[in-house]
Engineer: 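Below is a structure I'd like to ask you about.
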Amino acid sequence: MKMESLLSKFTCLHCLLLLLLNATHCFSYVQTQAQTLCHSDEHSFLLQFKESFTIDKSASGSPFAYPKVASWAREGDQNQSNCCSWDGVKCHAESGRVIGLDLKSSCLYGSINSNSTLFRLVHLQMLDLSDNNFNSSEIPSRLGHDLSSLSYLNLSLSAFSGQIPSEISKLSKLSTLDLSQNNGLELRKSNMRILVQNLTNIKQLHLSDVGIYSTVPDIWVNASSLTSLHLSYCGLYGEFPVGIFHLPNLEKLSLYSNTKLNGYFPTFNRTNSLKTLDVSRTNFSGELPSSIGNLHSLNYFDISNCGFDSHFPFSFENLTQLSFLEMTSFHDVSAGQFLVPDSLSCFGKLTKLNYLGLSDNNLQGNFPRFVANLTQLAFLYLSNNSLTGEIPKSLFHLRNLERLNLASNDLQGEFPKSLFHLRNLELLGLSGNNLSGVVEFDEFSNLKKLKALGLSGNRLSVRVKSGSSATLPKFEILKLAEYNLTEFPEFLKNQYELGALSLYSNNIHGQIPKWLWNATRETLVNLNLGSNFLTGFEENPITLPWKNLQLFHLSNNQLQGSLPIPSQSITIYLVNDNNYSGEVSPLFCNLNYLQVLDLGNNNLSGMLPQCLGKSSSLEILHLMFNSFHGDIPPFCANKNSLKFVGLGYNQL
Ligand SMILES: *[C@@H]1O[C@H](CO)[C@@H](O)[C@H](O)[C@H]1NC(C)=O
Ligand SMILES: *[C@@H]1O[C@H](CO)[C@@H](O)[C@H](O)[C@H]1NC(C)=O
Ligand SMILES: *[C@@H]1O[C@H](CO)[C@@H](O)[C@H](O)[C@H]1NC(C)=O
Ligand SMILES: *[C@@H]1O[C@H](CO)[C@@H](O)[C@H](O)[C@H]1NC(C)=O
Ligand SMILES: *[C@@H]1O[C@H](CO)[C@@H](O)[C@H](O)[C@H]1NC(C)=O
Ligand SMILES: *[C@@H]1O[C@H](CO)[C@@H](O)[C@H](O)[C@H]1NC(C)=O
Ligand SMILES: *[C@@H]1O[C@H](CO)[C@@H](O)[C@H](O)[C@H]1NC(C)=O
Ligand SMILES: *[C@@H]1O[C@H](CO)[C@@H](O)[C@H](O)[C@H]1NC(C)=O
Ligand SMILES: *[C@@H]1O[C@H](CO)[C@@H](O)[C@H](O)[C@H]1NC(C)=O
Ligand SMILES: *[C@@H]1O[C@H](CO)[C@@H](O)[C@H](O)[C@H]1NC(C)=O
Ligand SMILES: *[C@@H]1O[C@H](CO)[C@@H](O)[C@H](O)[C@H]1NC(C)=O
Ligand SMILES: *[C@@H]1O[C@H](CO)[C@@H](O)[C@H](O)[C@H]1NC(C)=O
């Protein structure tokens, strides 16, 4: 696996973190005054509703999840006899009717059907059941019939499935409807039309992850109350109705990951109130209009992985509220389009930027100077471009930087020692450049928060003082490929959190020491020690010690003996071009996630285990240049996902 994909995994972690943070900001519900008395029928409806579920910690993902219903109606507790004072329950101040039920992240597990006493709480105005596990229940159509007072309905992240019933459109008072992230819900196009037609008060409509698989009906341009529309991962295609951009109150529009959805940006005018605009991973194309500068409230803008023109309007300088700008691969790089840093100089005015993503854009020229102006920047991604020259010193004045990825450019000059001033760095990607000089590795001890470091493929030499290992940060990702390291750096002894390690293409001779695998037994997922001069493991293991290993890349070494057996988690096993001998153990057939098995060019012999033919995960099987004999395993066409089988140069 390449550095880039690992780094992008890292970015995902970051997104996840953001999501979690957001979750805590969501609808916070005010506990009702205890004096209102609860009606006895509703008291028992609530209790029966509670009884229909089991409490299961794993049903909710939020770190703040707890079972609210657990405190309901404790025996002999005076305070608990009034359901209006129960956690998550809100009653009307005068009538005492239950009007709000907030059971988000409450660890509820079980099914809901139309018999549920939930639907007897007919005065409900607010219902939040998000972040529980309703075990693939369908949304009962009764919800639309019986809870006609609802104005807030949130069933997101709760494992609902099946068709969204058209009866939802009967909830004419709805102003918030969130059915996103259920991963099994579908909405017919006709129902989508009725939804928009009937829900005339809708402000927040969140349907991300709902399978819609249709075009976006024109009628959406009439949803004039909308403030927030989330339609990411909906399988939308066709032309996106441009009128939606002009909806007078629209502040958030999220369309990401609808790869077949075509669209373009209109002429925006000053009345536009968009704050969040995300069209990443869609087929949006055309110009970035200069009227984009009119989006004066825009704070979050993501046009990554689209097909826009690379021409850049200078009016971007007016987007002064932007804090998040993600433009990775926003134009069709494969069509030969490129960008020059000077054309982006207007970014120097965007001084609130916290996140800037400009990777994969064929950005050609010197390091962009405007970056020095962006003093709030915490995330800067410029990898996979064609930047040349030196990294300017001014970059290292941006003391808030947490993630800096400059990998895969053509940056030159001495390794910039000033980067050790960036005390907040968590990720530093410098792989694949042309930097020279010496890296005093123990200086990384200054960067206590660093978790991912890529220095592969430069002209650097790494100097590691022995004894510094205890103070170095605990890396999760470490890439030191293509150095002339002659041995395993001793500091790795103290690296107990490594998930990915690459020492690919060094000069390391001899055995893989026991301490290396001892420290990383639990954590290591990706290991790349290919293209060295390794002969084996100290204490040759029959099974590999790493419990969660997915990538095992030891190609092109001098490994001897019998093939080590990986753990169940393995997906890619590469040991081609070594001196392994003996037979292939039938245990290789039991690896349910194994996709790539490359044993080519070793001294392996014997018969192939026939069970290899039964693997349903295997995609690439390369066994060429060995001494196998006997029958070829029966690969059954319908069960296999095999794309490549190389068996030549054996005696099969
Ligand atoms: C719905 O609930 C989820 C999870 O609790 C939350 O993140 C989201 O913001 C809520 N949606 C709305 C529109 O309030
Ligand atoms: C009942 O509620 C009152 C006021 O909220 C509180 O002071 C008291 O400790 C509660 N009693 C019990 C048994 O929980
Ligand atoms: C969840 O659904 C499965 C399959 O429909 C069913 O066997 C199981 O009993 C359900 N569990 C609960 C707690 O409802
Ligand atoms: C609803 O309850 C009735 C009576 O208890 C039962 O016969 C019926 O199967 C239930 N329906 C569902 C969908 O569970
Ligand atoms: C849409 O609203 C109309 C008028 O309120 C109502 O008669 C109709 O049943 C609703 N349609 C659906 C599918 O809910
Ligand atoms: C939008 O609403 C207007 C007035 O109600 C109507 O004339 C028009 O046909 C609607 N547009 C669409 C696309 O349905
Ligand atoms: C801006 O757009 C709104 C909505 O489309 C429109 O009503 C208004 O007339 C436009 N203003 C200008 C100056 O174009
Ligand atoms: C994507 O957009 C381009 C340019 O508008 C178009 O030629 C292409 O057919 C679109 N692709 C899909 C899958 O719609
Ligand atoms: C930025 O906004 C100002 C004030 O609205 C305007 O005068 C200026 O032309 C805009 N800049 C660009 C490059 O459009
Ligand atoms: C940097 O920001 C200042 C203050 O906003 C501005 O005057 C200056 O033009 C900016 N420099 C660049 C290179 O954009
Ligand atoms: C590694 O050694 C080779 C041969 O001595 C040399 O050409 C190369 O520049 C060295 N690479 C580094 C990164 O020091
Ligand atoms: C293996 O790790 C344990 C701590 O996890 C440590 O105490 C022990 O010394 C290590 N053994 C070797 C050989 O490194």
Side-chain angles (χ1 to χ4, degrees), residues 15-29 49-56 58-66 68 88 100-113 115-116 126-138 150-162 174-185 189-190 192-200 202-210 215-232 239-244 246-248 251-254 276:
C15 304
L16 191 69
L17 202 65
L18 278 182
L19 276 177
L20 293 176
L21 286 176
N22 273 341
T24 67
H25 293 267
C26 67
F27 211 93
S28 75
Y29 211 62
F49 181 65
K50 166 189 170 175
E51 301 300 325
S52 65
F53 302 106
T54 53
I55 300 294
D56 182 343
S58 66
S60 300
S62 161
F64 306 102
Y66 70 94
K68 295 186 184 176
L101 188 56
D102 172 10
L103 294 178
K104 71 161 170 274
S105 306
S106 292
C107 313
L108 300 177
Y109 172 59
S111 307
I112 290 190
N113 64 35
N115 281 357
S116 172
M126 183 277 182
L127 177 59
D128 189 346
L129 298 178
S130 63
D131 190 24
N132 290 291
N133 183 350
F134 296 112
N135 197 20
S136 300
S137 301
E138 296 196 5
L150 278 181
S151 74
Y152 181 99
L153 176 59
N154 193 341
L155 304 179
S156 68
L157 261 171
S158 277
F160 281 103
S161 68
L174 270 188
S175 81
T176 296
L177 177 60
D178 191 341
L179 304 176
S180 52
Q181 298 186 71
N182 279 294
N183 215 350
L185 276 179
K189 188 182 179 191
S190 54
M192 173 155 68
R193 186 180 295 278
I194 299 165
L195 202 71
V196 181
Q197 231 157 25
N198 271 20
L199 302 184
T200 49
I202 197 82
K203 292 195 170 73
Q204 296 179 292
L205 184 53
H206 295 187
L207 299 174
S208 293
D209 263 328
V210 171
T215 54
V216 182
D218 233 7
I219 185 158
W220 287 76
V221 307
N222 271 357
S224 54
S225 308
L226 270 185
T227 59
S228 170
L229 179 59
H230 292 191
L231 293 171
S232 48
E239 196 72 28
F240 184 74
V242 78
I244 292 179
H246 294 304
L247 287 173
E251 294 179 356
K252 291 186 179 172
L253 178 59
S254 183
T276 297

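When a ligand or atom number is given, it counts from 1 through the structure's own listing order.
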Engineer: Out of all atoms in ligand 1, which are within 4.0 Å of some heavy atom of Ser156? Include the element for each.
Structural biologist: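 That gives atoms 1 (C), 2 (O), 3 (C), 4 (C) of ligand 1.
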Engineer: Would you say Asp56 and Thr54 are linked by a side-chain donor-acceptor pair, where the criterion is simply a distance under 3.5 Å?
Structural biologist: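 No, no side-chain donor-acceptor contact under 3.5 Å.
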Engineer: To the closest 0.5 Å, what do you measure between CG (Asn132) and CG (Leu155)?
Structural biologist: 10.0 Å
Engineer: With a 4.5 Å limit on heavy-atom distance, are the side chains of Leu103 and Asp128 in contact?
Structural biologist: no
Engineer: Looking only at distances, can you tell me whether any N or O atom of Asn154, backbone or side chain, sits closer than 3.5 Å to an N or O atom of ligand 1?
Structural biologist: yes
Engineer: Looking at atom 7 (O) of ligand 3, is any protein heavy atom nearer than 4.0 Å to it?
Structural biologist: no
Engineer: Do Ser156 and Asp131 have side chains that get closer than 4.5 Å, going by heavy atoms?
Structural biologist: no
Engineer: If we count only non-hydrogen protein atoms and require a distance under 4.0 Å, does atom 2 (O) of ligand 3 qualify as touching the protein?
Structural biologist: yes
Engineer: Return the residue, atom name and 0.1 Å-rounded distance of the protein heavy atom closest to atom 13 (C) of ligand 3.
Structural biologist: Tyr109 CE2, 3.4 Å
Engineer: Which ligand 1 atoms are under 4.0 Å away from a heavy-atom of His206?
Structural biologist: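 Those atoms are 13 (C).
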Engineer: For ligand 3, which atoms have a heavy atom of Ser111 less than 4.0 angstrom away?
Structural biologist: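 Once the distances to Ser111 are compared, the set is 14 (O).
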Engineer: Is a side-chain N or O of Ser158 found less than 3.5 angstrom from the main chain of Phe160, in a donor-acceptor match?
Structural biologist: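 Flag not set: sc Ser158 to bb Phe160 has no pair under 3.5 Å.
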Engineer: Need the ligand 1 atom indices (1-based, order shown) with element for anything under 4.0 Å from a heavy-atom of Lys104.
Structural biologist: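 Within the 4.0 Å cut-off of Lys104, ligand 1 contributes 5 (O).
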Engineer: Atoms of ligand 1 less than 4.0 Å from Thr176 heavy atoms?
Structural biologist: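 Under 4.0 Å from Thr176, ligand 1 has these atoms: 13 (C).
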Engineer: Of the protein's non-hydrogen atoms, which lies at the shortest distance from atom 10 (C) of ligand 6, and what is that distance?
Structural biologist: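 For this ligand atom, the closest protein heavy atom is Asn222 ND2, 2.4 Å.
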Engineer: I'd like to check whether Asp128 has a polar contact with ligand 1, where a contact means an N/O of the residue lying under 3.5 Å from an N/O of the ligand.
Structural biologist: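 No: no nitrogen or oxygen of Asp128 is under 3.5 Å from one in ligand 1.
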Engineer: If we only consider heavy atoms of Asp131, is any one of them less than 4.0 Å away from an atom in ligand 1?
Structural biologist: no
Engineer: So, regarding Asn135 and ligand 3 (criterion: nitrogen or oxygen to nitrogen or oxygen, under 3.5 Å), is there a contact or not?
Structural biologist: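 In this structure, Asn135 places an N or O atom under 3.5 Å from an N or O of ligand 3.
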Engineer: Which option, Gly61, Ser60, Ser130, Ser175, owns the non-hydrogen atom nearest atom 4 (C) of ligand 1?
Structural biologist: Ser130
Engineer: Would you find more than 12 non-hydrogen atoms of other residues, nucleotides or ligands less than 6.0 Å from Lys203 atom NZ?
Structural biologist: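 No - once you tally the heavy atoms of other residues, nucleotides and ligands closer than 6.0 Å, there are 12 at most.
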Engineer: Just checking, is any N or O donor in the side chain of Ser208 or Ser232 under 3.5 Å from an acceptor N or O on the other one?
Structural biologist: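 The criterion, which ignores hydrogens and geometry beyond distance, is satisfied for Ser232 and Ser208.
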Engineer: Between Gln204 and Ser228, does any side-chain donor sit less than 3.5 Å from a side-chain acceptor?
Structural biologist: no
Engineer: Atom NZ of residue position Lys68 - does it have more than 12 heavy atoms of other residues, nucleotides or ligands inside 6.0 Å?
Structural biologist: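 Above 12, so yes.
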